[in-house]
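Quick note: numbers below take in every heavy atom, side chains included, and nothing from hydrogens, waters or symmetry partners. We're numbering straight along the sequence, starting at 1.
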Amino acid sequence: MKHADQRPRTPMSSSRQHGFALLALLIFLAMVGLLTSAVATTSALVARRAAEERLLDVGRQYRTAIQLYVEATPPGQKRFPLTLDALLKDPRYPDVRRYLRTAYSDPVSSSEWVLILAPEGGIMGLHSASPDRPIRRVGYVAPFEAFNQLERYADWLFYYYP
């Protein structure tokens, strides 16, 4: 006995339902892909901003350490450190004098720091080797006001020269 509201199923109505389900699944997967891409892009930007801030902090520490080294130079000694390790333990004194607690790596590149040599010898500063473009390009204040509008991290020079 057939009820009036029961219609016989045809192969065509079943394939329409499967087609709709497949279309809904494809739309859902596309939305998940877009969301994942947006999250990954945002996450990469946040990580890059953090590395940029770390570069500023580490560069400032090296600049300050070189300044302290120069200002603590005894008469008759070289004014600038010959190596970055001299900032960790000043070889000019018998007691331990530290201007940095640890040697820092370049946070924005996997390469070594590029050293800036003083005219009379020694190291007066350093900079990153990264050719990447900085995210923040304005708003820097002394002693880093020259960083405003610079095109590459490698152009950010952290140095001290009295």
Side-chain angles (χ1 to χ4, degrees), residues 23-162:
L23 180 62
L25 179 64
L26 288 174
I27 291 172
F28 174 74
L29 290 175
M31 289 172 56
V32 167
L34 287 173
L35 182 62
T36 303
S37 173
V39 167
T41 302
T42 302
S43 159
L45 184 62
V46 166
R48 195 161 152 224
R49 279 186 194 274
E52 186 172 292
E53 287 301 317
R54 181 81 177 131
L55 175 63
L56 283 168
D57 183 51
V58 168
R60 183 178 295 114
Q61 288 184 49
Y62 270 109
R63 182 191 181 283
T64 301
I66 292 169
Q67 179 179 359
L68 292 172
Y69 185 98
V70 167
E71 291 172 356
T73 301
Q77 297 282 326
K78 292 261 185 195
R79 279 184 12 162
F80 290 95
L82 298 178
T83 67
L84 292 179
D85 288 337
L87 300 172
L88 302 174
K89 183 178 183 296
D90 192 341
R92 303 172 300 176
Y93 293 96
D95 60 328
V96 177
R97 292 196 183 191
R98 298 181 190 278
Y99 308 104
L100 277 179
R101 295 303 262 160
T102 186
Y104 299 102
S105 60
D106 180 350
V108 295
S109 77
S110 57
S111 60
E112 296 291 319
W113 291 105
V114 178
L115 302 179
I116 303 169
L117 302 179
E120 61 267 21
I123 301 167
M124 69 181 219
L126 48 70
H127 65 86
S128 175
S130 175
D132 294 340
R133 183 182 176 112
I135 296 170
R136 180 177 158 202
R137 310 235 2 252
V138 294
Y140 296 103
V141 295
F144 304 119
E145 64 272 0
F147 292 3
N148 291 309
Q149 303 300 324
L150 290 179
E151 296 295 322
R152 304 174 312 144
Y153 290 121
D155 297 333
W156 289 9
L157 306 180
F158 300 98
Y159 68 93
Y160 174 75
Y161 193 80

Those residues that, when tested against Asp57, pass salt bridge (Lys or Arg N to Asp or Glu O under 4.0 Å) (two or more places apart): Arg54
Aromatic contact, Tyr99 with Tyr69 (centres under 6.0 Å): yes
is_close_aromatic(Tyr160, Phe80), centroid dist under 6.0 Å: no
Look at the side chain of [X] and the backbone N and O of [Y], then say whether any donor-acceptor pair between them is shorter than 3.5 Å.
X: Asp132; Y: Arg152; value: no
X: Thr73; Y: Val70; value: yes
X: His127; Y: Asp155; value: no
X: Glu52; Y: Arg136; value: yes
X: Trp113; Y: Tyr104; value: yes

Pairwise side-chain contact, Val114 with Ser128, heavy-atom cut-off 4.5 Å (strictly under): no
Validation row: Ile123, Leu84 side chains within 4.5 angstrom (heavy atoms): yes
Residues forming a ring-ring contact (aromatic ring centres under 6.0 Å, His included) with Trp156, sequence neighbours excluded: Tyr140, Phe147, Tyr153
Residues Lys78 and Glu120 bridged, charged N to O under 4.0 Å: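 No, Lys78 and Glu120 are not salt-bridged.
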More than 12 heavy atoms of other groups within 6.0 Å of Glu112 CD: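 No, CD of Glu112 has 12 or fewer neighbouring heavy atoms, counting only those of other groups under 6.0 Å.
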